[in-house]
There are 2 protein chains.
Amino acid sequence: MELTVAEENYLKAIYHLSDGGKKSVSTNDIAAEINTKPASVSDMLRKLGEKEVIEYRKYYGLQITETGKRYALQTIRKHRLWEVFLVEKLNFAWDEVHEVAEQLEHIQSPLLIQRLDAYLNFPKFDPHGDPIPDEFGDVRSRPRVQLNEMDVDQTGQIVAVKDSSAAFLRYLDKVGAYIGARIKVLDKVEFDGSLEILVDQKKTLFMSKDVASNILVLQS
Amino acid sequence: MELTVAEENYLKAIYHLSDGGKKSVSTNDIAAEINTKPASVSDMLRKLGEKEVIEYRKYYGLQITETGKRYALQTIRKHRLWEVFLVEKLNFAWDEVHEVAEQLEHIQSPLLIQRLDAYLNFPKFDPHGDPIPDEFGDVRSRPRVQLNEMDVDQTGQIVAVKDSSAAFLRYLDKVGAYIGARIKVLDKVEFDGSLEILVDQKKTLFMSKDVASNILVLQS
DNA sequence: TTTAATATTTAGATTAGGCTAAAAATAAAT
DNA sequence: ATTTATTTTTAGCCTAATCTAAATATTAAA
Ligand SMILES: [Mn+2]
Ligand SMILES: [Mn+2]
Ligand SMILES: [Mn+2]
Ligand SMILES: [Mn+2]
């Protein structure tokens, strides 16, 4: 069976919002995520239900099926591989890739993806630190914690970001908080949850709780 | 103004069939080229006329406008750059690229194309020997002649193919007639126009007039 | 110069994806 | 336990791109 571009986008949104099928997702959430109206979502859910990529009970929400997960993971795989390509080969900044990857992920050609994967040396993570599912949809995920939840004196390495918006990524660039950076929590302000961080053993950095909550760390 | 994927495909077909705006094109020809019905073509011509990328007079054919040419050349540029990428970087065979390039040519991102072009070292020709328009739509075309029109003892270099079908390209691979090969016409059979060719000063090759007419040569 | 053949366009449907406004179901508050 | 608010779905409409069948224009033949 083949999915349309719109169906692929919906399925990907559902997969993400449901955290891989764990949480339940609302019609309104989907509408917000992909910038459509709830009425349009209802209609699409009916169609996705008929195609059996979700299990849909009117008014009671939906459950992504195993088939649906496979499709979603396939699209996510393509999206992230293209992002790696854009950054590694075409020198895109990490905040410039998302829009384009959003289009490239819909190109249909198994050979293309297989070759692209090999060309990039089978990367395991995209430029934002998110894991790239393998061709069978398996994801090797690392245990990671939000920076705002770490305690003073704990150390680790930035491995991913939760928010991939250009604004946030450009901010991180500016302050030097790149993926791979080793960090240590120097201080935490009780009052507002803001943090003082040591980056790469040399630079100290202050950040709000809000910023910190969008930085994911592999503790060490 | 932005064109839809279908509009881009129509415009490209019109550009090709009209030989860059020189020849006149029929509704039926377009339908055949892009595998649709004439009725669908009529409707699309009306729309393309409204968008002023063609000048359309019902029953009397059409003329591609300067604006239309710019759009068509932009799409052709993208198509050919992607073909180079697929062959040079992802090791696609030259008969495997067309389908995928047909999709990739519709990705919207000026930055992407600019970077891709640079990454490929500003190639001037695609894997089938067709020239790649520059970002302004300028095409540097070489004078080339169909192999079947050459005379005995004349020499040259294969620079392009007219037919890019997988079947034809695989045949050329098999007999060793690649782009760049130096050739010499050893003999021509008066009766059916078939030819005997010397390839790279070592291999002789017999081919029908039909095959030869799809091979383009830069004479020397 | 009529008539026949061919090419092209129009009419009317269909499918996909979206929208607004109204209806209906569920959830939250009194 | 009603009433109110929120969420979700349905109804009806729209645009893009396709199709088949019918109508019309152009071109070729008799
Ligand atoms: Mn992304
Ligand atoms: Mn997308
Ligand atoms: Mn091609
Ligand atoms: Mn195309």
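Contact annotation: the side chain of I179(B) never approaches that of P127(B) to less than 4.5 Å [non-hydrogen atoms, C-beta and beyond]. By the 4.5 Å heavy-atom criterion applied to side chains, K51(B) and M1(B) are counted as neighbours.
Following rounding to the nearest Å, D29(A) (CG) and dT8(D) (C1') show an atom-to-atom distance of 13 Å. In this structure, OH of Y59(A) is placed 14 Å from P of dT7(D), rounded to the nearest angstrom. Rounding to whole angstrom units, CE of residue M44(A) and P of dA16(C) are separated by 10 Å. Atom CD1 in I30(A) sits roughly 12 Å away from atom P in dG18(C) (whole-Å rounding). E2(A) has its CD atom 15 Å from the C1' atom of dA16(C), to the nearest Å. In this entry the distance linking CG of L3(B) with P of dA16(D) reads 12 Å, nearest Å.
Among K78(B), K12(B), R80(B), the one residue that satisfies the salt bridge (Lys or Arg N to Asp or Glu O under 4.0 Å) test with E102(B) is K12(B). Between H79(A) and the options E105(A), Q74(A), H106(A), a side-chain hydrogen bond (donor to acceptor under 3.5 Å, both in side chains) holds for only E105(A).
Listed nucleotides: dA16(D), dT8(C), dT7(D). Nearest to the side chain of N28(A): dT7(D). With distances taken from any side-chain atom of Y10(B) to the nucleotides dA21(D), dG18(C), dT18(D), the minimum falls on dT18(D). Candidate nucleotides dT20(C), dT9(D), dG17(C) were compared by shortest atom distance to the side chain of Y56(A), and dT9(D) ranks first.
Within residues 45-55 of chain B, the residues that have a heavy atom under 4.0 Å from DNA chain D are, in order of number, K47(B).
Residue-level contact check: A6(B) touches the backbone only, with heavy atoms under 4.0 Å from sugar-phosphate atoms and none from bases. Across all strands, S40(A) comes closer than 4.0 Å to base atoms (heavy-atom distances). Nucleic acid contact for D43(A): none, since no nucleic acid atom lies under 4.0 Å from a heavy atom of the residue. At the heavy-atom level, S42(B) lies under 4.0 Å from base atoms of the strands shown.
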Please test S208(A) against D210(A) for side chain to side chain donor-acceptor pair (under 3.5 Å), starting from the C-alpha separation and ending with a verdict.
CA-CA 5 Å; S208(A) 69; D210(A) 188 31; 5.1 Å; no

CA sep, side-chain torsions, deciding dist, call: Y71(B), Y10(B), ring pair (Phe, Tyr, Trp, His ring centres under 6.0 Å):
CA-CA 11 Å; Y71(B) 280 111; Y10(B) 270 94; over 10 Å; no

Side chain to side chain donor-acceptor pair (under 3.5 Å) evaluation trace for Q154(A) with Q219(A)
CA-CA 8 Å; Q154(A) 289 191 318; Q219(A) 285 188 279; 3.1 Å; yes

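Both T36(A) and Y60(B) lie near DNA chain C, and the one whose nearest nucleotide falls closer to the 5' end is Y60(B).
For S26(A) and dT7(D), the shortest distance from a side-chain N or O to OP1 or OP2 is not below 4.0 Å. A close approach under 4.0 Å does not occur between any side-chain nitrogen or oxygen of K58(B) and OP1 or OP2 of dT24(D).
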